[in-house]
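Below, read A as the first sequence line, B as the second, and so on, with proteins coming before strands; counting in each chain starts at 1. Just so we're clear, the structure is a prediction, and the values are computed from it rather than from any experiment. Atoms considered below: every heavy atom in the structure, side chains included; atoms not considered: hydrogens, waters and symmetry mates.
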Amino acid sequence: MLTASRRFRVWGWSGDDLIRLFFQGNALVAILVLGLITIFLFREGMGFFPQYQKELQLYRKSGLEFVEVMRQQVEAHKALSRLLFQVEKAERQNATPTVTSQQKIAFKNYLAQFRKIIVPLIDLEMEWEKVAVDLRDRYRVAQDKKERKEALLQSGKFQEEEQIRIETFDFQKNANFLKDTLPRYHQINRVISDEINRLINQAPHWTSSKANEQWDEFRESVTRYLSQMPHREKQLEEWNAFEPVPWIRALAGFLLGKEWITQSFWNDFYGILPLLTGSFLIASVALALAVPLGIGAAIYVSQIASKTEQKWIKPCIEFIATIPSVVLGFFGIVVLGEGIRWLTQQEFLSWVPFFPVHNRLNIFTAGCLLGFMAVPTIFTLAEDALNNVPRIFKEASFALGANSLQTILKIMVPAALSGIMAAVLLGFGRVIGETMVVLLVAGNRIAIPDFTQGLGVFFQPAHTMTGIIAQEMGEVVRGSLHYRALFMVGILLFLISLTVNYFAQSLVKRFKISIG
Amino acid sequence: MKNKKHNPFKHRPSYAHGLQSFCFNFFRAMTYFILICAVVIFANIFFKGAKTLFLSHFPYVNVDFLTQFPETLHVFQDPMTHETRELGEVAFRHYEAQLAQQGIALSSEVHAYAGGGIFPCIVGTVLLVSGSMLIALVLGIFSAIYLSEFGKQGRLIHWIRVAIGNLAGVPSIIYGLFGFSLFVIFLKWNFSLLSGCFTLAIMVLPIIITASEESLRAVPRGFREGSLALGATRWQTIRKSVLPYALSGILTSSILGIARVAGETAPIMFTAAYLVRSELPWQGLNKMSDFFFQGVQALPYHIYVLSTKVPQNEYTERVQYGTVFVFLLAIMFIALTSVVLRIKMRNRFRW
């Protein structure tokens with residue numbers, strides 16, 4: 001202390017204090033960065049909801065929402081036609097030999113008649129659609145002009161400002177126009193239901209059992225379709241162009257929306273559900289592979305393997321972690337995807353219902369590669385956890401007469417269980433946040449996979465949260481709704497990974513106490 | 001004991017014993033399955049990549065591939081010799097002009113990026129990695145010194161540790177978004193080498209801090225106590241009796257960080273990596289600072305482009321595998337250095 005007091009001081013801080021402060025400042029960078037990431041993600045992303053709410057409001061005001069009901073009906077009718085086509089196809093393939101070619105033509109005509117019913121509605125829908133889309137586009141142009149006008153005003157260019165004319169809009173008139181055509185819609189609907197009923201009653205006699213089976217299914221769908229008609233009509237009757245869209249609707253539209261549609265002429269929707277399901281399906285495949293492999297290898301290396309085996313297997317598996325993900329993605333495209341497609345086309349595997357697989361790039365391929373990537377993470381942490389179990393546990397177990405297998409499975413693994421769980425969690429975090437492999441290999445189709453196919457769902461292409469950011473970020477306009485939506489996806493991903501990490505860390509902590 | 005039948009210590013076959021050996025073999029099979037997968041991947045890339053990178057004649061290494069710019073490849077039937085020839089963009093245009101003078105028209109099959117080499121990508125990767133490591137090492141080592149030497153185990157240190165632990169698990173694409181919104185937009189550094197370096201540095205920071213702290217803690221307490229007892233200040237103690245012994249350990253562990261930085265694609269996708277640039281980073285600069293405020297090409301991004309935007313065929317495959325091979329070789333070399341250094345380190349300091 002005597003020596004210290006003679007040293008120079010700045011505002012009462014000694015040199016050592018300043019050095020300490022300097023280092024402290026550096027360490028604070030970690031917290032600072034975490035804070036900055038949060039701030040900047042939210043800074044860019046948070047504007048999404050108000051903007052999306054406005055967009056939805058315009059969607060309603062311009063009447064697009066009104067026309068959407070019609071579009072849905074047209075889509076539903078097309079789906080019915082597809083079902084009927086399936087019936088006809090089954091009949092064609094499995095028909096009894098007695099069926100004449102005339103009957104076959106009758107079946108075809110029947111299908112054509114059903115398809116024709118919807119034409120008036122399509123015409124009407126197109127007419128309305130044109131009005132609504134046109135109104136929306138004109139309104140957007142006017143908004144842009146307004147902004148430019150304000151910018152010109154601010155920079156003092158009054159003459160140029162005056163030259164810009166902004167169109168005024170009467171949304172009420174548009175809404176009235178749409179509402180006025182409702183009687184036509186009712187009439188068309190009545191014709192449609194009459195025609196459908198008539199066709200159903202005059203249904204041809206299907207000869208094959210498969211066709212009959214599918215016909216029953218078709219009949220059921222038709223009943224559902226017809227019962228929806230009054231509901232749709234009521235929806236249109238009650239539609240009000242000026243009813244405000246609540247902000248919760250924007251939030252729900254993002255979190256629960258089933259469609260991620262961008263750059264469409266119709267309307268952009270930013271529903272995250274397809275991306276979320278894609279991410280989780282891929283993660284589940286990856287974990288299903290990586291968890292048994294990683295933990296199995298950890299058990300083998302830490303408990304069973306000889307010293308020499310331990311010495312080289314451990315660095316080898318850890319070495320896998322350094323393979324860059326883009327290299328694995330490339331391998332997936334060129335080798336693994338082709339390989340899986342080739343394998344599923346083999347004769348002896350043709351009994352599997354969803355084989356052969358048509359998409360080279362799918363959830364399964366991506367899951368395999370991600371599983372391979374997650375193995376080192378899970379292996380290293382699980383092996384650590386197993387090694388940290390005190391020796392006395394093992395010795396006590398042996399002393400009681402248990403053999404090695406019993407000791408490993410009943411003593412060592414349960415004792416290390418929380419560490420192993422943390423390993424699995426961190427592996428999950430790694431898998432869900434991985435970008436390049438999914439971007440290259442997952443197939444990038446933005447749709448919720450068809451779960452009705454059972455296990456075949458794993459062989460469909462999908463898109464993920466990380467993939468969509470990487471793919472679309474380069475092309476969006478800064479500050480646009482699409483841009484903010486991507487940042488919102490980023491925020492969600494950030495929150496997921498923070499939660500996973502938090503739980504993993506708290507698990508490790510608890511695990512250390514139980515050993516201590 | 002000669003007669004095995006009467007050996008009283010021999011294992012009698014039993015259900016439990018059979019189950020045990022079955023399970024052990026199962027675990028063994030799992031372990032070797034992982035290794036086999038790794039070997040298959042490496043072997044595939046090595047064999048196909050080696051065809052591009054190595055030649056059967058002097059100088060045995062494909063120097064052109066390592067020193068040229070990426071080019072479009074033209075494959076055509078030579079009207080003079082009636083052979084199938086391959087030429088890069090520039091050479092092909094030259095040849096085409098020559099033939100045009102004689103009134104012969106040329107038509108060619110075009111393969112994007114399939115000709116030339118990957119020199120600018122290598123340069124860009126080296127610049128990005130060295131820049132980011134410089135930043136990350138300075139920040140990381142100082143933070144680690146604070147955490148292990150100065151910090152009292154209080155609330156602040158606890159929160160810093162939590163933050164570091166969480167940062168280590170944040171997906172790399174989030175760092176990309178963060179770098180984009182902070183460096184590219186907010187600080188107006190635009191799409192540049194500097195933005196990329198900082199983004200990568202921040203990404204690798206948690207790894208460096210944890211690794212450095214570990215090697216600092218590995219220095220025995222007695223070193224510090226002895227120094228302090230002799231009247232040295234805390235800073236003198238750190239500088240003279242802790243850092244020299246920890247520094248090599250810190251660097252060794254940081255090399256693994258380099259491998260990670262070099263391999264990442266997502267963070268540089270929207271902060272620094274260009275698809276094509278006709279000039280090397282030091283060419284055509286107006287002033288010195290332009291060097292830092294320009295985008296660069298990088299190997300991982302080039303591989304991404306090659307594998308998504310370019311269809312696979314026998315011509316493009318050569319460049320694809322060659323690039324992946326060079327990239328993997330570099331990363332493996334870095335990682336191996338780290339492993340070897342670590343083994344050497346263990347033998348160097350024994351306390």
Test B:Gln312 against A:Val334 for side-chain contact (heavy atoms from CB on, under 4.5 Å), laying out the working first.
CA-CA 8 Å; B:Gln312 273 86 32; A:Val334 180; 4.0 Å; yes
Apply side-chain contact (heavy atoms from CB on, under 4.5 Å) to residues B:Leu167 and A:Ile37 and explain how you reach the verdict.
CA-CA 10 Å; B:Leu167 277 179; A:Ile37 290 182; 3.9 Å; yes
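Atom OG1 of A:Thr322 and atom CD1 of B:Ile334 lie 9.5 Å apart (nearest 0.5 Å). Rounding to the nearest 0.5 Å places CZ of A:Phe487 at 9.5 Å from CD1 of B:Ile174. Summarising the geometry, atom CZ belonging to B:Arg28 is positioned 7.5 Å from atom CD1 belonging to A:Ile304; distances are rounded to the nearest 0.5 Å. Atoms CZ and OH, on B:Phe24 and A:Tyr300 in that order, are 10.0 Å from each other to the nearest 0.5 Å. B:Cys37 SG to A:Ile320 CD1: the interatomic distance, rounded to the nearest 0.5 Å, is 8.0 Å. Rounded to the nearest 0.5 angstrom, A:Glu44 CD and B:Ile185 CD1 are separated by 4.5 Å.
In terms of heavy-atom pairs under 4.5 Å with chain A, the best-connected choice from B:Gly176, B:Pro171, B:Ser181 is B:Ser181. Across B:Leu306, B:Leu336, B:Ile238, the residue that shares the most heavy-atom pairs under 4.5 angstrom with chain A is B:Leu336. Of the residues considered (B:Ile209, B:Val138, B:Leu182), B:Leu182 shows the highest number of contacts with chain A, using heavy-atom pairs under 4.5 Å. Of the listed residues A:Val301, A:Ile317, A:Ile19, the one with more heavy-atom pairs under 4.5 angstrom with chain B than any other is A:Ile19. Contact count versus chain B (heavy atoms, under 4.5 Å) is highest, among A:Val375, A:Thr466, A:Asn403, for A:Asn403. Options A:Leu41, A:Ile469, A:Leu486 differ in how many heavy-atom pairs under 4.5 Å they form with chain B, and the most are formed by A:Ile469. Of the listed residues (A:Pro324, A:Gly433, A:Cys316), the one with the most heavy-atom contacts under 4.5 Å to chain B is A:Pro324.
With a 4.5 Å cut-off on non-hydrogen atoms, B:Ile331 touches chain A through its side chain but not through its backbone. Both the backbone and the side chain of A:Leu293 come within less than 4.5 Å of a heavy atom in chain B. Heavy-atom distances place no part of A:Val500 under 4.5 Å from chain B, backbone and side chain included. Heavy atoms closer than 4.5 Å to chain B are found in the side chain of A:Leu439, but not in its backbone. Proximity to chain A is absent for every atom of B:Tyr301, based on heavy atoms less than 4.5 angstrom apart. Both the backbone and the side chain of B:Ile160 come within contact range of chain A, judged by heavy atoms closer than 4.5 Å. Proximity to chain A is absent for every atom of B:Ile157, based on heavy atoms less than 4.5 angstrom apart. For A:Thr435, the part lying under 4.5 angstrom from a heavy atom of chain B is the side chain only. Proximity to chain A involves both the backbone and the side chain of B:Leu139, based on heavy atoms less than 4.5 angstrom apart. Both the backbone and the side chain of B:Phe142 come within less than 4.5 Å of a heavy atom in chain A. Residue A:Pro376: no heavy atom, backbone or side chain, is found under 4.5 Å from chain B. Both the backbone and the side chain of A:Phe494 come within contact range of chain B, judged by heavy atoms closer than 4.5 Å. Looking at A:Val326, both its backbone and its side chain come within 4.5 Å of chain B, counting heavy atoms on both sides. Both the backbone and the side chain of A:Leu34 come within less than 4.5 Å of a heavy atom in chain B. Looking at B:Gln20, the atoms closer than 4.5 Å to chain A (heavy atoms on both sides) sit in the backbone and in the side chain alike. Of the two parts of B:Tyr321, the backbone and the side chain both hold a non-hydrogen atom closer than 4.5 Å to a non-hydrogen atom of chain A. Only the side chain of A:Tyr483 comes within less than 4.5 Å of a heavy atom of chain B; its backbone N, CA, C and O stay farther away. In this structure, no portion of A:Ile295 lies under 4.5 Å from any heavy atom of chain B. For A:Phe379, no part sits under 4.5 Å from any heavy atom of chain B, backbone or side chain. For B:Asn166, the parts sitting under 4.5 Å from any heavy atom of chain A are the backbone and the side chain alike. Only the side chain of B:Ile202 comes within contact range of chain A, with heavy atoms under 4.5 Å apart. With a 4.5 Å cut-off on non-hydrogen atoms, B:Arg260 does not touch chain A at all. Heavy atoms closer than 4.5 Å to chain B are found in both the backbone and the side chain of A:Phe40. Using a 4.5 Å cut-off between heavy atoms, B:Gln320 touches chain A through backbone and side chain atoms alike. Only the side chain of A:Ile333 comes within contact range of chain B, with heavy atoms under 4.5 Å apart. Looking at A:Glu318, there are no atoms closer than 4.5 Å to chain B (heavy atoms on both sides), in backbone or side chain.
Heavy-atom neighbours of B:Phe47 CZ from other residues, nucleotides or ligands within 6.0 Å: at or below the threshold of 12. Open room surrounds CZ on B:Phe333; 12 or fewer heavy atoms of other groups in view lie less than 6.0 Å from it. For A:Phe503, the CZ atom is loosely surrounded, since the number of other residues' heavy atoms within 6.0 Å does not exceed 12.
Between A:Gly296 and B:Thr31, the closest heavy-atom pair is O-OG1, 4.4 Å. Residue A:Ala470 comes nearest to B:Phe270 through the heavy atom pair CA-CE2, 4.0 Å, listed as atom of the first residue, atom of the second, then distance. Between A:Asn501 and B:Gly165, the shortest heavy-atom distance links the atoms ND2-O, 3.5 Å.
When side chains are defined from C-beta on, A:Gln303 does not count as touching B:Phe27, because their heavy atoms never get closer than 4.5 Å. Side-chain contact between A:Leu28 and B:Ser143 is absent, with no heavy atoms from C-beta onward closer than 4.5 Å. Between B:Val162 and A:Tyr502, the closest side-chain pair of non-hydrogen atoms is not below 4.5 Å. At least one side-chain heavy atom of B:Phe42 sits under 4.5 Å from a side-chain heavy atom of A:Ile323. Looking at heavy atoms from C-beta onward, B:Ile34 lies out of side-chain contact with A:Ile313 at the 4.5 angstrom threshold. In this structure, the side chains of B:Phe22 and A:Leu405 stay at 4.5 Å or more apart for every pair of heavy atoms. At a threshold of 4.5 Å between non-hydrogen side-chain atoms, the residues B:Met269 and A:Met436 count as touching. Under the 4.5 Å side-chain criterion, counting only non-hydrogen atoms from C-beta, B:Phe180 is in contact with A:Met473.
Ring orientation note: the planes of A:Phe23 and B:Trp235 are tilted relative to one another, at an angle of 30° to 60°.
Checked against A:Leu493 for a side chain to side chain contact (heavy atoms under 4.5 Å, CB included), the options B:Val170, B:Ile173, B:Leu177 give a single hit: B:Ile173.
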